[in-house]
Structure formats: C-alpha cells, structure tokens
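Data first, discussion second: the structure below is written as structure tokens.
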Amino acid sequence: MRKQKWLSWLLIGSLFVSAFLFHVSIASASKEQQSTSSIKELYRDYEQISAWALEAIQQATDNGFVQGSAGKFNPKKPITRAEFTKILAAMLDFDVTPEQTGFFTDVTDQDWFAPYVNTAFNKGLITGYANKFQPNATITREEMAVIIARALELEFSKSASVIKDSNKVSEWAKQAVEAVTALGIMTGDAAGFHANQAVTREMAAVVAVRAYVYKEDSTAFQKSLEIAKITEQLKKTSSFIQAEVTNPVIASVGGDWTIFGLARSGIPIDAQYYSQYVKNVEQFLIENSSKLHHVKYTEYGRVILALTAIGKDITNAAGYDLREPLADFETVIKQGINGPIFALIALDSKSYDIPVAAGVKKQTTRELLIQFILDREVNGGGWALGNNPSEADPDITAMAIQSLTPYYKNNEKVTKAIDRGLSWLSNVQHADGGYATWETVNSQSVAQVIVALTGLGINPDQDVRFIKNGNSVFDALLAYSDVKGGFYYVKSGGSSNGGANSGQIDLMATDQAFYALSSYERFLTNKNRLYDLSDV
C-alpha cells in the first residue's frame with residue numbers, strides 16, 4: 001500500500017523515537033507502571049545508551065518490559081532469544097504459566113526462561129529449529145521481525161518495499177519484515193534492513209515500545225508517524241526559509257507568505273524575525289500612504305493574514321486599517337477571482353467586520369464575495385482565472401474551495417459547488433498523485449490542493465479520491481522536496497512553461513509547500529485549520 005511505502009522511509013534515523021512517543025506515550029496506558037525512576041539514576045552505563053533509544057528505554061523500564069543487571073542496562077550487548085521472549089511476554093502482558101510443552105529439547109522446567117518460552121510457544125509466537133529453541137543464541141533482526149509480526153497479528157500484504165538489502169532477507173521472514181518495516185515498528189538505515197544482524201538490548205527496547213503502542217492503538221500509532229514525518233520536514237524547511245529570507249518584507253516571495261507559514265507551522269521562531277517584518281510593513285505603509293497596490297488587492301489579504309498570524313492589530317498598522325480597502329467591492333474584483341478569494345479568506349481569518357466605506361459604488365459584503373466566486377464556477381466543476389474560462393485549473397479551484405470552506409456546512413450552494421470542485425480535482429489528478437496547471441506539472445498546485453482538503457477535514461494521504469496508482473497528493477508534494485529543505489516548482493527534467501527552473505529550489509514553491517505541510521500537521525493534531533486564525 002502507498003501508506004506503507006513512506007511510513008517505512010519516515011522512521012530511518014534516530015529522531016523518530018522521541019517524536020512518536022511524544023504523541024502516543026505508553027505512560028498513559030492502563031498497564032501499571034513498574035518504575036518511575038529516571039534511567040539516568042537506574043543504570044550506571046546510561047551514557048552508553050544511544051540518543052535514539054533513551055526515551056524508549058525509559059518507557060520500557062517504567063512498564064517493566066526490560067530490566068538492568070547489576071545496575072547496568074548493557075545497551076550494546078546482543079540480546080538472546082530467551083531474553084527477547086521474556087520482553088515479548090511482558091509487552092503483551094501474558095499470563096505466564098510454567099507449563100512445560102515438551103516440544104523444545106533444550107528448554108527444561110528448571111530454566112528461568114521456561115515459562116516465557118512455553119507461553120509464547122503455546123500462543124504460536126515462536127518456533128524452534130529441529131525441536132530446539134536455542135535460548136542462548138543471539139536473536140537476529142529478521143527473527144525478531146517474524147515474532148513481532150505474529151504477536152501483533154499483522155497482515156502480510158506486498159508493499160512497495162524500500163528495503164535496499166531485501167535480497168538478504170530469508171524467504172521465511174520476507175513477509176514479516178515487510179510488514180513491520182512498513183508500519184515503522186522496525187526500521188533499517190540508508191543501507192538496508194540488515195536481516196542477519198544481532199539485535200542489541202537497546203534495539204529490543206525500542207521495538208518493544210513501538211510494538212506496544214501499536215497494539216494499544218494502531219490508528220493513533222500510525223497517525224503519530226505521519227505527524228513525526230511532517231514535523232521533521234517543517235523543521236528542515238523552516239531553517240531553510242529563514243536562512244534564505246533574512247529580511248521579510250511586503251512581497252509575495254520572501255515576505256508575507258513566509259511569515260504566515262512560519263507562524264502557522266508551530267515551529268519556534270525568534271521574535272526578532274517577526275519584529276523585523278512588522279517594522280518593514282509599517283515603513284512601507286507610511287511611505288506609501290497605506291496603498292499596497294492600485295489593482296491587486298490580494299496584497300491586502302496577504303498582509304492581513306501575515307500580521308494576524310503573528311498577533312498584530314491589522315486595524316491599526318502604522319495608523320492604518322488594512323480592512324478598509326477591501327470594503328470597496330468594485331476594486332476588489334478588478335483583479336478577477338483572486339481578489340474576492342483572498343479578501344474572503346483574510347476577512348474570515350479572524351471574523352473581521354467589513355468597515356463601511358464612504359463614497360464607493362458598492363459596499364463589500366461577504367454575500368457579494370461568495371456569490372462572485374460561485375458565479376465564476378466553470379461548467380463541470382472547478383474554477384479558473386479569466387471571465388469565461390473553458391476549463392478549470394487546480395490552483396484556482398483549490399483556492400476557491402479554501403475561501404468557501406467556512407460556508408460549506410451551512411450554505412447549500414457552497415456545499416454543492418465545493419463538492420463539484422472536489423470531484424473535478426479527483427478526476428484530473430495524475431498517476432503520481434500530482435497536478436498540472438497550464439500544462440505544467442508543479443508543486444504549487446499540489447500544495448494548494450492539500451490546503452483545500454485539510455481545511456475541509458479530508459486527509460490528503462488517505463482519502464481514496466485523492467490516491468492514484470498508489471500515490472496520494474501528499475506523496476506528490478514530498479517528491480518536490482530537496483535535501484536542503486526547500487522545494488522545487490518543477491522537478492528535474494520537467495517543463496516549467498516559462499516558470500521557475502526545473503530541479504531548482506524555488507522560494508515561492510517552498511513557501512506554498514511549507515504552509516501546506518503546516519495545514520496537514522494542523523489537521524492531524526486537531527488544531528484550527530490553516531486560515532482559521534481565531535487561535536492566535
């Protein structure tokens with residue numbers, strides 16, 4: 001499944017453990033905890049524990065899955081098959097019985113591990129080799145994968161494997177390895193899964209905790225993986241953006257959207273960065289008598305969103321009320337459909353009242369803005385630029401949906417128009433999960449669709465309407481990411497149709513991808529949607 005494809009990729013590296021345990025902590029489980037002491041106090045060899053395993057070992061110790069020996073944890077020591085079976089029994093909360101099965105010739109009722117081995121065998125979780133369990137042999141990664149897959153009753157379904165060394169996995173273990181890596185319960189590294197590598201005690205603790213969390217609530221577990229993946233990308237992109245945009249100003253690139261995206265991402269940002277932007281905005285307003293543009297009133301919507309997102313008063317920006325220009329309906333619509341779209345998004349971001357404008361031909365109302373957008377719907381569903389477009393395009397369709405979202409549940413005309421737009425977006429989605437605008441396959445169209453979907457409460461990575469050939473719209477966006485943290489407008493080798501260069505990081509594309517990821521993260525963590533700034 002497509003879901004499994006990127007979940008396994010996500011967990012390569014050490015950052016995952018603390019990220020997902022933050023969201024789904026086993027400390028809240030019903031199982032009575034065995035210890036509440038810090039492992040730093042419990043284990044004299046605490047400093048030898050890898051950073052990626054620290055929190056898992058703390059959780060595993062608290063819940064009695066693992067114990068030390070003579071005041072040490074011995075994190076790098078290989079764990080035996082018997083030792084792991086005991087961990088398994090504790091993790092699954094087995095009612096351990098000393099009953100002897102008589103199956104394993106090398107397990108007697110005098111052995112300390114006999115009750116655990118016998119119980120696990122009776123439950124069908126372990127097998128031996130020629131009637132022997134080999135309790136003191138080191139357990140390998142593929143052996144552990146098989147046991148975990150059985151314990152969690154995982155479904156074995158062939159997935160698009162990212163395991164580079166899958167040819168080294170034994171045939172009897174392949175399905176189990178695919179299952180546990182697809183879910184992120186076990187992971188490898190850039191080189192592969194390392195099926196025959198010995199499992200260390202710290203590895204076993206990490207896997208036990210992941211398996212336990214999955215057993216308790218598989219949905220929450222998988223959701224936590226999504227959140228962890230997005231959070232790491234947000235951190236990387238946030239750093240890239242701030243390094244590239246050192247002096248944010250009023251501008252569609254390197255300014256307002258940068259500020260808005262950073263503020264909505266939840267990533268801690270130095271207050272001085274926002275202060276510099278506010279200073280630049282105030283200076284521009286004073287120097288230009290509050291006139292941002294003669295025709296493009298999306299400028300006002302953009303600045304309103306940025307200032308509101310960082311908690312600034314848009315009714316008194318350098319002495320000017322930025323809502324006032326939006327009160328002139330005839331001027332708002334001069335730009336075409338973009339004007340009403342972003343006027344509505346900005347005004348609804350914090351339920352701003354529309355000031356009464358003196359001397360204008362037509363006073364702006366929300367009803368007029370909504371109707372203008374509805375009237376521009378293309379026959380067959382969706383929206384596009386121009387007065388009479390022959391067909392819709394993904395960018396404008398997604399933006400129109402974003403603007404109408406607050407009215408989706410209570411306005412029948414809006415409901416039907418959005419539903420037609422969603423259907424159109426589903427139908428024109430490409431096999432790789434992406435979209436093209438004006439014959440250019442690009443990331444910005446994808447980003448806008450993600451914002452539209454998440455605003456409506458639709459998961460862009462799970463809703464079957466937006467998965468094509470196993471690829472979701474979310475998969476499509478990540479395909480444009482660069483290792484530096486930025487995003488391409490067009491992937492290498494693609495046609496930019498006169499836009500940004502293919503295969504090169506583009507700041508506008510990066511801004512849009514960044515706030516699209518923020519929108520998805522907000523959806524997954526039950527925060528306000530991206531453009532609902534009532535939480536600021």
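Keep in mind that this is a model prediction, so the values were computed, not measured.
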Side-chain donor-acceptor contact under 3.5 Å, Thr140 with Asn196: no

Is a salt bridge present between Lys86 and Glu83, judged by a nitrogen-to-oxygen distance below 4.0 Å? no

Check the pair Met186 / Phe193 against side-chain contact (heavy atoms from CB on, under 4.5 Å), numbers first and verdict last. CA-CA 9 Å; Met186 289 183 68; Phe193 181 75; 3.6 Å; yes

For Ser534 and Asn528, which I'm curious about, is there any donor-acceptor pair between the side chains at under 3.5 Å? yes

Side chains of Asp535 and Arg264 in contact at under 4.5 Å (non-hydrogen atoms): yes

Kindly indicate whether the side chain of Tyr408, heavy atoms from C-beta on, has any atom under 4.5 Å from the side chain of Leu456. yes

Going by atom types alone, do Tyr488 and Thr510 pair a side-chain donor with an acceptor below 3.5 Å? no

Donor on one side chain, acceptor on other, Asn442 and Tyr480, under 3.5 Å: no

Carboxylate-amine/guanidinium contact Glu142 Lys174, below 4.0 Å: no

Should the pair Phe133 and Phe104 be assigned to parallel (<30°), tilted (30 to 60°) or perpendicular (>60°) ring geometry? tilted

Can a donor-acceptor pair be found between the side chains of Tyr520 and Asn459 at a distance below 3.5 Å? yes

What residue among Ile418, Val449, Leu425, Leu422 forms side-chain contact (heavy atoms from CB on, under 4.5 Å) with Thr397? Leu425

As a test of understanding, state which of Thr80, Asn74, Val206 forms a side-chain contact (heavy atoms from CB on, under 4.5 Å) with Arg201. Asn74

Would you tell me whether Glu226 and Gln462 have side-chain atoms, one donor and one acceptor, within less than 3.5 Å of each other? yes

Could I get the full list of side-chain hydrogen bond (donor to acceptor under 3.5 Å, both in side chains) partners for Arg465, not counting sequence neighbours? Asp463

Measure the spacing between CD of Gln233 and NZ of Lys229 and express it to the nearest 0.5 Å. 7.5 Å

Using distance alone, with no hydrogens and no angle criterion, decide if Thr105 and Asn131 have a side-chain donor and acceptor under 3.5 Å apart. no

Is the shortest heavy-atom distance from the side chain of Phe514 to the side chain of Leu234 under 4.5 Å? yes

Output for pair (Ser238 OG, Ile269 CD1), nearest 0.5 Å, gives 3.5 Å

Any luck finding a side-chain donor-acceptor pair between Ser519 and Thr454 under 3.5 Å? yes

Is the shortest heavy-atom distance from the side chain of Asp432 to the side chain of Asn469 under 4.5 Å? no

NZ/NE/NH1/NH2 to OD/OE distance under 4.0 Å, Asp45 and Lys76: no

Rounded at 0.5 Å granularity, tell me how far OG in Ser492 sits from CG in Asp482. 11.0 Å

Polar contact flag, side-chain donor to acceptor under 3.5 angstrom, Asn122-Thr119: no

What I want to find out is whether Asp95 reaches Lys123 closely enough, with some N-O distance under 4.0 Å, to be called a salt bridge. no

Using the six-membered ring wherever Trp is involved, compare the ring planes of Trp257 and Phe260 and label them parallel, tilted or perpendicular (cut-offs 30° and 60°). perpendicular

